[in-house]
Chemist: 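One structure, as structure tokens, below. Some questions next.
What you see is a predicted model; the values in this text were computed from it and never measured. The chain is numbered in sequence order, starting from 1.
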Amino acid sequence: KSIHPRLPERPSTRLRIMPRLLYRIISACCLCLPLPSLAAESLDESALMVVTSADGHANVRTRPSTTAPVSARLPTATVLFRNDAEFNTTAHDTWYPVVFAQDAWCRGCDDTWTNTDSGHARRGWIHRSQLTELAKLPAAPNSFAIHYQTRPFNRQQAGLTWSSDRSHVQQRNRQPVFGGDCGMPTADITAAHAQLNGQRFTLPTALLDSLHGAGSRFDYRRYQQHYFAAQQHGDGACTHYLVWVFNQNGLQQRFIGHIY
């Protein structure tokens, strides 16, 4: 897949886009505003939610009621899924049914972890006042960015587990590969780091093994002192989402998966 999609070669399209883009760049230079991100990801997934509780955590309850037992407490800035399959059929308009991972890194999570009782998923209810859609958070400043180092995908590399017809990779170094049904990867991520307010943080290699492909487009968001870099990979049945969560102390969460 192309990292930077080309604009259609139609004069009318270029005439419409270029004046607006030049205006934004000139305005940014004159007013000391951040330049527009030309490689920003556009997420179409409203089910990605972030804990934005003023209390520092959100209570996960077994039922949509303040009298129901608390099954977990999730810290502010935790990313999770709103369970739309249940949300669309419930009559409770003040609570969200949610799905979240057992651990902050989602290690061992496979493509079905959100929809099965695989042991990686936990479920419950959170009051909607404690959550905000990721895509509705303010954009993060240009001082936050994720960078991937890549190489062409090598079918002969060690550590790969293939499907029976060898049409896609199921595991890499014993980690389930997300989006394997999107087809054959074109590149591997060999290393990655984040830059945040002048600090550099290296992403653990073990958290890169399960990533399919190596797109470099992100949707950067911020909540207070928490920063989010989100990506949408694939489309249709193989669509999945990846979110890296940082604060000044470094990486706090890797959220990956899909929900239908």
Side-chain angles (χ1 to χ4, degrees), residues 1-6 37-45 48 79 101 103-114 118 120 134 140 144-196 199-221 227-246 250-259:
K1 298 180 180 178
S2 174
I3 292 178
H4 301 289
R6 298 180 60 187
S37 174
L38 301 184
E41 179 69 283
S42 178
L43 299 181
D44 59 9
E45 181 53 72
L48 277 171
V79 177
D103 72 274
W105 316 119
C106 211
R107 287 170 293 201
C109 293
D110 60 17
D111 275 336
T112 64
W113 76 268
T114 57
S118 62
H120 297 292
L134 176 62
F144 175 51
I146 301 285
H147 301 279
Y148 290 156
Q149 296 179 26
T150 66
R151 66 184 177 195
F153 177 70
N154 178 11
R155 294 175 61 104
Q156 308 305 318
Q157 65 182 284
L160 298 181
T161 301
W162 292 87
S163 60
S164 58
D165 60 359
R166 295 186 65 84
S167 64
H168 62 273
V169 178
Q170 294 179 321
Q171 292 187 342
R172 181 185 287 116
N173 296 327
R174 299 184 179 181
Q175 289 294 312
V177 174
F178 274 83
D181 53 352
C182 289
M184 195 67 62
T186 59
D188 285 327
I189 303 175
T190 59
H193 71 272
Q195 289 183 312
L196 174 59
Q199 298 186 81
R200 179 185 173 111
F201 300 101
T202 300
L203 276 64
T205 304
L207 298 182
L208 305 176
D209 286 336
S210 57
L211 305 185
H212 179 278
S216 63
R217 298 177 59 174
F218 293 86
D219 182 14
Y220 294 107
R221 300 286 166 171
Y227 298 80
F228 308 84
Q231 293 183 291
Q232 176 177 323
H233 292 284
D235 54 25
C238 74
T239 302
H240 61 283
Y241 301 90
L242 170 66
V243 186
W244 302 101
V245 184
F246 282 83
L251 182 64
Q252 302 298 304
Q253 183 186 7
R254 183 198 70 161
F255 185 83
I256 187 168
H258 61 70
I259 192 164

Chemist: Which atom pair, heavy atoms only, marks the closest approach of N154 to L160?
Modeler: O-CD1, 3.9 Å
Chemist: Mind listing the closest non-hydrogen atom pair of V79 and L48 along with its distance?
Modeler: CG1-CD2, 4.2 Å
Chemist: Measuring from I256:CD1 to Q231:CD, what's the distance to the nearest 0.5 Å?
Modeler: 9.5 Å
Chemist: How long is the straight-line distance from OH of Y241 back to CG of D219, given to the nearest 0.5 Å?
Modeler: 12.0 Å
Chemist: Checking side chain to side chain contact (heavy atoms under 4.5 Å, CB included) against Y227, which of L196, I146, V245 comes through?
Modeler: L196
Chemist: Just jot down the side chain to side chain donor-acceptor pair (under 3.5 Å) partners of Q157, sequence neighbours excluded, or say none.
Modeler: D188
Chemist: Would you mind telling me which of F144, Y148, W244 makes a ring-ring contact (aromatic ring centres under 6.0 Å, His included) with F218?
Modeler: Y148
Chemist: Going from CD on Q253 to CG on L207, what distance comes out if it is rounded to the nearest 0.5 angstrom?
Modeler: 11.5 Å
Chemist: Run the side-chain contact (heavy atoms from CB on, under 4.5 Å) test against A145 and tell me which residues pass, sequence neighbours left out.
Modeler: H147, Y220
Chemist: Taking all non-hydrogen atoms of both residues into account, name the closest pair between C106 and R254 and its distance.
Modeler: O-NH2, 3.2 Å
Chemist: Using the test side chain to side chain donor-acceptor pair (under 3.5 Å), find all partners of R200 that sit at least two apart in sequence or belong to another chain.
Modeler: H193
Chemist: Minimum heavy-atom separation for D165 to S163, with atom names?
Modeler: OD1-OG, 2.7 Å
